[in-house]
Structures are given as C-alpha cells and as structure tokens.
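Everything on this sheet refers to the single structure shown next.
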Amino acid sequence: MTESSRSCLAIVLAAGEGTRMRSARPKVLHEVAGRTMLEHVLDAVTRAGADRLAVVVGPDHGAIADLVAARAPHAQVFVQEVRRGTAHAVLCARAALEAGADDVIVAYADTPLVEPDTFARLRAPLAAGAAVSVLGFEAADPTGYGRLVRAGEALVAIREEKDASPQERAIGLCNAGLMALSGARALALLDAVGCDNAKGEFYLTDAVEIAHGRGLPVAIVTAPEEEVQGVNDRVQLARAERTVQARLRRRAMAGGATLVDPDSVTLSHDTVLGRDVVVEPSCVFRPGVVVEEGATIHAFSYLEGCRVGPRTSVGPYARLRPGADLAAGAKVGNFVEVKNARVGEGAKIPHLSYVGDAEIGARANLGAGTITCNYDGFLKYRTSVGEGAFVGSNSALVAPVRIGAGAYVGSGSVVTQDVPDDALALGRGRQAVKEGWASRFRAQQSERKKSGGG
Ligand code: UD1
Ligand code: MG
C-alpha cells in the first residue's frame, strides 16, 4: 500500500499555555507569514495525506476551537482538561484513535515550519512495517530536548533531558517531538505509557522504548533543526518568521520573480508571484495576493487580498486592499489606495488617489488626487468610470455615481450626478478674474499699516 492509499489521522497538540508569549491570545493563534501557527500545521499534515484531523486544546481555549470550526470544520476538537504530558494529550483524542487509521501523525501546533514532505517522510516507514517513526534533528544545543538513544542503528528509547544520564545528555541527535505511529499499534503503545519519570508526566516519547521492548521496528527520520524549531516566546516567533520568509522568498525567486532586495520583502504563506514579476525593496504582501506575469511592484507598496494583472505597474508607495483587481497593463501609482475595485485594462491612476468600491473602465485615466467618496458614515456606494473616460485632477466622485465612457470631468469637480458618455462635467465654482486687483490691494494695505491700522 502506498502512502496516498493509506488512511491517516493527524493529532495536533495545541494545549500549550504559551505564558511566555505574554499575550491575550493563545500561543498557537499567533501568526507566521500571515497565518496562525495552528493553520500552518493543519495545512502541512493535510498535504502530507492526513484525511482526518484531531486538535487537542487546553481547557480555556475556546478561541482555538472557534478557529478550527471556521478554518478546518472537518477537524475534531478534544479538550485536555489537565496537563499530564504529551502521551496523555494524544490519548485525549482516544475516540479519533479508536475510529482507526493506517497511520497516525502526532504534531505540535507550536512547531509551525515542518514541511508537508517531512510529514510524508515520517509516515513512510509505517508503510514498510514500522510501529513508530520519530523525527530527529541534530541540535546545535541539545539542552532541554529528548535525546534519541540508539543501539547500533536501532532507536531504542527517547530520554528526556531531566531523566537522562550524563552519557545520554552527550547525544546530539534530539527528538523534534513529531511522531508517526502505526494506527494498528498506537492505542496499545500509548496505553502502556506510565508516568514514572522526573516530571511525573505521561511521555509520548516512551512509546519508543515500549515498542522496542515488544520487538516492534522503530524508525528515525531526520530534518534540519531550522525546520523543527518551536515557538515559546516572541523572540522565537520572530525567528520562525525569518525562517519562513527566507523559504518563501527562495520559492518566489525559483518561480521566476525578481526580488531586488529579498530580505526587505515580506511575503505571506500564499503569495503568488508570476514569472518576470519584479518586486522592488520594502514591499509587504499580506495574505491573498496574486501578482501575474511581468508586473512590477515598486518600492514601499503594501498589498493584501488583491489580484495584480499581467504587466501592471504598482507603486511606489501604493496600497492595494482586499478586492482590488487590476487588469492587464493597468497602472496604480504613488500614494494611491485601491479597495474593492476593478481597474480595467490599461487604466491609469497615477498619483495620490483613493479608489474604493469602484469599476474603472479600460484605458480610463484618473488624474492626481481623484477620490471616490464611497461612504456616508452608514453605507458604502459604488462608483463607475466608463472606458476611456478622463477625470481631471483633484476631483471627488460622490457615489453612487457613474461617469460615462469617453466622458471628461473638469479638474477640481465634485461630481454628484451621473455623467453621460462623451460628455464634459464641470462641478466647480466658475473662475472670476479682477484686473489690477492685487496692486490696488497691496497699495491699500500698506497705507493702513503705516497709519497704525490693524
Ligand atoms: C517534548 C518531547 C521532547 C522533545 C521536545 C521537542 C515529550 C515527553 N518530550 O518535550 O522529547 O525533544 O518536545 O520540542 O514528548 N502538550 C500538551 N499537553 C501536555 C503536554 C504537552 O498538549 O500535557 C503539548 C504542548 O503544548 C506542546 C507539546 O505538547 O505543544 C510539547 O510539550 P512540551 O511540554 O513543550 O514538551 P517538551 O518538554 O518540550
Ligand atoms: Mg517544548
């Protein structure tokens, strides 16, 4: 049976107290690359073939259950009322284990960087007959980790730091915490775990020694330390972010995007940059951004939940908010904000504008300072600008309003009524010119000042 045809239950431990985060939010709901740590893990195990998910939460973690209900509604949530160790936490999902699976993956929600491929590698020995498969790594500093104790090549036990002998403490190969167990064996192994150890906890890691004692094969799979780093505080959160960003930037560049100064660009877990996209320094991509082939994102732009069509130009200093949708060849220039608006092919909004809840036709041009007034304090209204229309600088388009195709709006207009196709709309005061007024004014005022007038 191949991995893909084997059923797989993933049990994700999310009961960590996270007190060192000093946060109102549970630790595993903190974000890395624009997505909660818990979602990273749920996504990775799912990609590694887990077809059932169980999340074990602590007693006060309704917020985690809410997130699971919203983002992974098929996952079962189990509560660990009292923290009694990792094996105990896994057994809180007993009902899920009893339902049966070929493979069981145990993952920690505070270890968010493990790649789907690593989970798949961890599962692989089970298909070949292993009862337990352990993820190990060579620790730069092994302090605090469980050590992988081997006899020859065979893994015989995992010894927790507090229970380890000096010789065992000298071992550099450590337990990342993640484990895969044969579904047929998992319950029998876990039920045999006791709590006779330095912490008085039920250790998941004891499953290894128990399996070995029963003559069952145990496998070790390794991963780089960087990938299995856990997050307990804000410094480690920042380190995880850095690791993920480096990974995302490498992928973006491997996919054919140019990042002029990669370290200055912040990406999200789902950022899509097409071929020949150029991203200048200091741009931020929040979740939900797709940038298509040949587009240029100039420096200091901030994008979220938007589609940037092929060969478009964005920024510098542009902000694209959710629902911005730029068609091919469109230009959104400096100090322009676009929200929930479609900007048609070749349309231009070059400078200093706010365009929200709008439809901008192909090849339309919005002059500097054009503002859509889309909100009256209660409701939002739409603006539509027809194909090839030209809106003069510093115009306010008071929605709901429609500017017809090919129409002109005079600079400085406040447009409150629809403008027909090909018409000119002027919504501003008429200019008055008074010849000689300025010199008369100066003469009169300097006279008043001399005679002490105020
Ligand atoms: C664990 C491993 C250790 C490994 C290390 C890697 C055990 C006994 N030890 O140690 O070998 O090197 O992780 O980081 O498994 N949890 C619960 N309920 C509990 C206890 C823990 O949900 O009752 C969760 C925690 O929230 C955390 C994870 O399980 O996400 C690991 O628990 P933690 O206390 O951090 O274990 P370590 O001592 O770090
Ligand atoms: Mg830990």
Q: Assess whether side-chain hydrogen bond (donor to acceptor under 3.5 Å, both in side chains) is satisfied between T243 and Q229, documenting all intermediate values.
A: CA-CA 10 Å; T243 304; Q229 62 186 279; 3.0 Å; yes

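- Between R307 and D325 there is a salt bridge, since a side-chain N of the basic residue sits under 4.0 Å from a carboxylate O of the acidic one.
- Judged by distance alone, the side chain of R84 and the main-chain N or O of H88 form no donor-acceptor pair under 3.5 Å.
- Taking every heavy atom of both residues into account, R247 and E227 meet most closely at NH2-CG, 3.7 Å.
- A side-chain donor from one of T36 and E39 sits under 3.5 Å from a side-chain acceptor of the other.
- In terms of heavy-atom proximity, A99 sits nearest to R52 at CB-NH2, 3.4 Å.
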(Q) What verdict does the side-chain hydrogen bond (donor to acceptor under 3.5 Å, both in side chains) test give for T143 and D141, after you've listed the backbone C-alpha separation in whole Å, the side-chain angles of each residue and the deciding distance to 0.1 Å? (A) CA-CA 6 Å; T143 312; D141 173 10; 2.6 Å; yes

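- Using a 4.0 Å cut-off between a side-chain N of Lys or Arg and a carboxylate O of Asp or Glu, R363 and E345 do not qualify as a salt bridge.
- Y354 and N374 share a side-chain donor-acceptor pair at under 3.5 Å.
- Ring orientation note: the planes of H269 and H40 are nearly perpendicular, at an angle over 60° on the 30°/60° scale.
- For E31, the CD atom is densely surrounded, since the number of other residues' heavy atoms within 6.0 Å is greater than 12.
- E359 and R382 are joined by a salt bridge, as a carboxylate oxygen and a charged side-chain nitrogen come within less than 4.0 angstrom of each other.
- Atom CZ of R234 sits in a crowded spot, with more than 12 heavy atoms from other residues, nucleotides or ligands closer than 6.0 Å.
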Q | Residue pair V12, V56: steps toward the side-chain contact (heavy atoms from CB on, under 4.5 Å) verdict | A | CA-CA 6 Å; V12 179; V56 180; over 6 Å; no

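- The closest donor-acceptor contact from the side chain of R147 to the backbone of Y145 lies under 3.5 Å.
- A salt bridge does not link D270 to R35: none of the charged nitrogens lies less than 4.0 Å from a carboxylate oxygen.
- Between the side chains of N197 and D163, not a single donor N or O lies within less than 3.5 Å of an accepting N or O.
- In this structure, a donor-acceptor pair under 3.5 Å is present between the side chains of K27 and N232.
- The shortest distance between side-chain heavy atoms of R428 and V414 does not fall below 4.5 Å.
- For F285 and Y302, the distance between ring centers is not under 6.0 angstrom.
- Between D233 and R20 a salt bridge is recorded (basic side-chain N to carboxylate O distance below 4.0 Å).
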